[in-house]
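Every number for a ligand or one of its atoms is a count from 1 in the order of the listing.
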Amino acid sequence: MSPSFTPRVGVIVVAAGSGARLAMTEPKAFVELLGETLLERALHSVFGMLEPAQVVIVAPPTHLEQARVIGERAAGVIPGIMSVVAGGETRHASVEAGLACLNPGISVVLVHDSARALTPASAFDAVVAAVDSTGEGIVPALSVVDSIKRIGSGGEILGVVDRRDLAAAQTPQGFPRADLVGAYERAEHADYTDDAAVFSAAGHRVHVIEGHALSFKITTSWDLNRARHLLSDRFDGATVAAVPAAAAVPMAAPAAVSRVGIGVDVHAFGQGGNLWLAGLTWPGEKQLSGHSDGDAVAHALCDALLSATSLGDMGAVFGTSRPEFANASGEVFVRETIRLLSVAGFEPVHASVQIIGNRPTFSPRRLEAEALLARWVGAPVSLSATTTDGLGFTGRGEGIAALATALVRLRQ
Ligand SMILES: Nc1ccn([C@@H]2O[C@H](COP(=O)(O)OP(=O)(O)OP(=O)(O)O)[C@@H](O)[C@H]2O)c(=O)n1
Ligand SMILES: C[C@](O)(CO)[C@H](O)COP(=O)(O)O
């Protein structure tokens with residue numbers, strides 16, 4: 001499937017390492033952390049970026065199909081911008097394999113370790129913004145808090161390193177595409193431990209921006225346990241307070257386990273076309289006008305689900321920053337909303353939508369519509385309809401309103 005837009009940002013997610021230091025039977029990216037692989041967790045943030053990107057997953061040759069399934073699940077309704085390629089013996093070789101898969105239209109490249117699986121989407125957005133504003137390489141990094149010693153072969157301290165000169169580099173690291181590709185082509189060896197080193201060695205400048213505490217690399221079993229604890233405690237007040245305000249929405253969510261949301265949508269009847277309501281077409285009924293299919297039920301449902309998860313509303317989530325959703329159908333909006341809920345760590349429990357209007361006569365198709373919406377949402381959706389005794393715009397037959405509530409809970 002080809003995307004309905006041309007991304008200019010490409011994200012290479014390197015996931016081809018064996019994870020020798022983690023020492024599990026699966027390659028590290030395919031190790032599960034509370035029911036999801038590290039790769040899938042990393043991809044949730046990639047697909048949660050403000051600007052949709054081409055995503056290239058670099059996987060072990062033995063796990064290409066598994067990576068594709070994980071990638072498509074994480075991509076949700078926009079699978080056309082995701083591809084999988086086999087990695088190499090070293091991280092350097094894996095990045096080269098990823099670079100070779102970028103579409104011609106890509107001008108900014110981010111390279112990210114799947115091993116940094118809890119990195120929030122906001123960290124990706126910050127790197128893209130910094131590459132755009134500088135036109136140079138960008139590395140998120142944390143300052144070093146420990147005293148650093150230079151040691152001899154016998155373990156003796158030879159001297160002190162001034163930690164004010166040091167920063168611990170994270171990923172995603174971002175670069176202008178042409179310069180990064182050229183730097184990899186000219187690299188004299190494959191021992192560089194990150195992309196910034198390759199880029200600098202080619203004579204380009206790299207800037208550091210503030211990294212994120214959640215972007216730590218899962219290297220050992222201790223790191224995996226730390227990630228597990230952070231996720232389990234995610235909605236504990238203390239943990240949330242410890243995360244900077246710039247953290248992704250999932251981490252900023254309040255402490256409730258179950259949450260409710262509300263949504264309202266109104267569309268006027270237009271001229272010609274087919275009516276789309278609750279995911280169904282209604283032959284002989286007047287079309288609802290709007291920039292999409294005008295499905296007020298689907299839109300109210302999305303708003304209720306987004307509101308329950310404090311993700312904003314349809315205008316904020318599917319507005320001008322996401323042109324691929326212009327004129328999208330109700331199904332596309334609902335499925336993408338569910339994916340965003342999942343990224344935020346939530347799942348729907350139940351939703352209810354009431355249609356307010358004179359037409360169409362809804363009850364004969366209620367069960368059909370409920371079954372369809374339940375499939376999209378992955379939870380029961382109850383539908384009902386009412387009129388307003390001839391009062392107001394719905395009573396005058398000028399349009400349809402829909403009022404929705406949704407219950408969501410933290411994913412188990
Ligand atoms: N041949 C390789 C080696 C590493 N990586 C990726 O590079 C990132 C950083 O590497 P690291 O954390 O060191 O992962 P591993 O090489 O898998 O771990 P280890 O060194 O413990 O084996 C990881 O996301 C890893 O999957 C890769 O794509 N291809
Ligand atoms: C790219 C990196 O994560 C930046 O800190 C790091 O250099 C990877 O190093 P590793 O030796 O592959 O773990």
Side-chain angles (χ1 to χ4, degrees), residues 10-33 36-46 55-64 66-67 70-71 74 83-101 109-119 123-124 127 137-144 166-175 180 183-184 187 189-201 206-227:
V11 183
I12 298 171
V13 180
V14 283
S18 63
R21 288 169 285 183
L22 190 60
M24 310 276 276
T25 46
E26 288 288 299
K28 183 160 65 181
F30 301 85
V31 167
E32 287 209 353
L33 173 58
E36 276 190 327
T37 60
L38 296 188
L39 175 60
E40 190 158 2
R41 290 195 176 275
L43 289 173
H44 283 322
S45 292
V46 177
V55 180
V56 180
I57 302 171
V58 187
T62 49
H63 283 65
L64 297 179
Q66 204 177 332
I70 290 171
S83 58
V84 178
V85 64
E89 285 295 311
T90 59
R91 184 184 185 282
H92 188 96
S94 294
V95 174
E96 283 183 313
L99 287 172
C101 295
V109 181
L110 270 55
V111 184
H112 183 55
D113 296 339
S114 62
R116 298 182 186 272
L118 301 195
T119 305
F124 292 80
V127 171
I138 298 297
V139 172
L142 293 180
S143 50
V144 173
L166 301 179
Q170 302 180 326
T171 68
Q173 300 184 355
F175 311 89
L180 183 65
Y184 263 89
H189 58 80
D191 293 339
Y192 300 107
T193 59
D194 70 355
D195 316 292
V198 177
F199 197 74
S200 300
V206 183
H207 301 267
V208 164
I209 61 169
E210 185 65 21
H212 199 292
L214 289 168
S215 301
F216 66 93
K217 186 151 70 68
I218 297 174
T219 305
T220 62
S221 56
W222 189 91
D223 298 321
L224 191 64
N225 270 334
R226 178 179 169 204

Next on the checklist: Just to be sure I read this right, does ligand 1 sit under 4.0 Å from the backbone of Arg91, its side chain, both, or neither, counting only heavy atoms?
Outcome noted: both
Next on the checklist: Please classify the Ser18 to ligand 1 contact at 4.0 Å (heavy-atom distances, strictly less than): side chain, backbone, both or neither.
Outcome noted: both
Checklist entry - Can you name the closest pair of heavy atoms from Ala29 and Thr37 and give their distance? => result O-CB, 3.5 Å
Checklist entry - Of all the non-hydrogen atoms in the protein, which one sits nearest to atom 8 (C) of ligand 1, and at what distance? => result Asp113 OD1, 3.4 Å
Item to check | Nearest atoms (heavy-atom pairs only) where Tyr192 meets Ala187 | outcome: CE1-CB, 4.0 Å
Next on the checklist: Using a 4.0 Å cutoff against the non-hydrogen atoms of Ala20, which atoms of ligand 1 qualify?
Outcome noted: 19 (P), 21 (O), 22 (O)
Item to check | Which segment of Glu89 sits under 4.0 Å of ligand 1 when only heavy atoms are counted | outcome: backbone
Next on the checklist: Has Asn225 got a side-chain atom pairing as donor or acceptor with Trp222's backbone, closer than 3.5 angstrom?
Outcome noted: no
Checklist entry - Relative to the heavy atoms of Lys217, which atoms of ligand 1 are at a distance of less than 4.0 Å? => result 11 (P), 12 (O), 13 (O)
Checklist entry - Are His63 and Glu26 close enough that some pair of their side-chain heavy atoms sits under 4.5 Å apart? => result yes
Checklist entry - Can you find a heavy atom in the side chain of Phe216 that is under 4.5 Å from one in the side chain of Leu142? => result no
Item to check | Carboxylate-amine/guanidinium proximity below 4.0 Å for Asp195 and Arg91 | outcome: yes
Checklist entry - Nearest to atom 1 (N) of ligand 1, what protein heavy atom do you find, and at what distance? => result Gly88 O, 2.9 Å
Item to check | Heavy-atom check, side chain of Ile12 versus side chain of Val14, under 4.5 Å | outcome: yes
Item to check | Check: Val58 N/O within less than 3.5 Å of ligand 1 N/O | outcome: no
Next on the checklist: Given 3.5 Å as the limit, does a donor-acceptor pair link the side chain of Arg116 with the main chain of Gln170, or not?
Outcome noted: no
Checklist entry - Looking only at heavy atoms, which two atoms of Val139 and Ala169 are closest? And how far apart? => result CG1-CB, 3.7 Å
Next on the checklist: Within this structure, what is the OG-CG distance for the pair Ser215 and Asp113, rounded to the nearest 0.5 Å?
Outcome noted: 10.0 Å
Next on the checklist: With heavy-atom distances below 4.5 Å as the criterion, would you say the side chains of Ser114 and Leu38 are in contact?
Outcome noted: no
Checklist entry - Which atoms of ligand 1 sit under 4.0 Å from any heavy atom of Ser114? => result 24 (O)
Checklist entry - Which residue supplies the protein heavy atom nearest to atom 15 (P) of ligand 1, what is that atom called, and how far is it? => result Gly19 N, 3.7 Å
Checklist entry - List by chain and number: which residues place a heavy atom under 4.0 Å from ligand 2? => result Arg21, Arg91, Asp113, Arg116, Ala169, Thr171, Thr193, Asp194, Lys217
Checklist entry - What protein heavy atom is closest to atom 25 (C) of ligand 1, reported as residue, atom name and distance in Å? => result Gly17 N, 3.7 Å
Checklist entry - Which ligand 1 atoms does Ser94 reach within 4.0 Å, using its non-hydrogen atoms? => result 1 (N), 2 (C), 27 (C), 28 (O), 29 (N)
Checklist entry - Backbone or side chain, does any N or O of Ala16 fall under 3.5 Å from an N or O of ligand 1? => result yes
Checklist outcome for this item: All heavy atoms of Gly87 vs all of Val58, minimum pair found to be CA-CG1, 3.3 Å
Checklist entry - To which of Thr90, Ile218, Val14 does the heavy atom nearest atom 23 (C) of ligand 1 belong? => result Val14
Checklist entry - Are Val111 and Asp194 side-chain neighbours, meaning at least one heavy-atom pair lies under 4.5 Å? => result no
Next on the checklist: I need the nearest protein heavy-atom contact for atom 13 (O) of ligand 1: residue, atom name and distance, please.
Outcome noted: Arg21 NH2, 2.8 Å
Checklist outcome for this item: For Val206 and Ser200, the nearest pair of non-hydrogen atoms, with its separation, is CG2-OG, 3.4 Å
Next on the checklist: Restricting to non-hydrogen atoms, name the atom on Leu43 and the atom on Val55 that form the minimum distance, rounded to 0.1 Å.
Outcome noted: CD2-CG1, 4.0 Å
Checklist entry - Can an N or O of Leu22 be found at a distance shorter than 3.5 Å from an N or O of ligand 1? => result no
Item to check | Top protein contact for atom 14 (O) of ligand 1, by heavy-atom distance | outcome: Lys28 NZ, 3.3 Å
Checklist entry - Quick check: does Thr219 get an N/O under 3.5 Å from an N/O on ligand 1? => result no
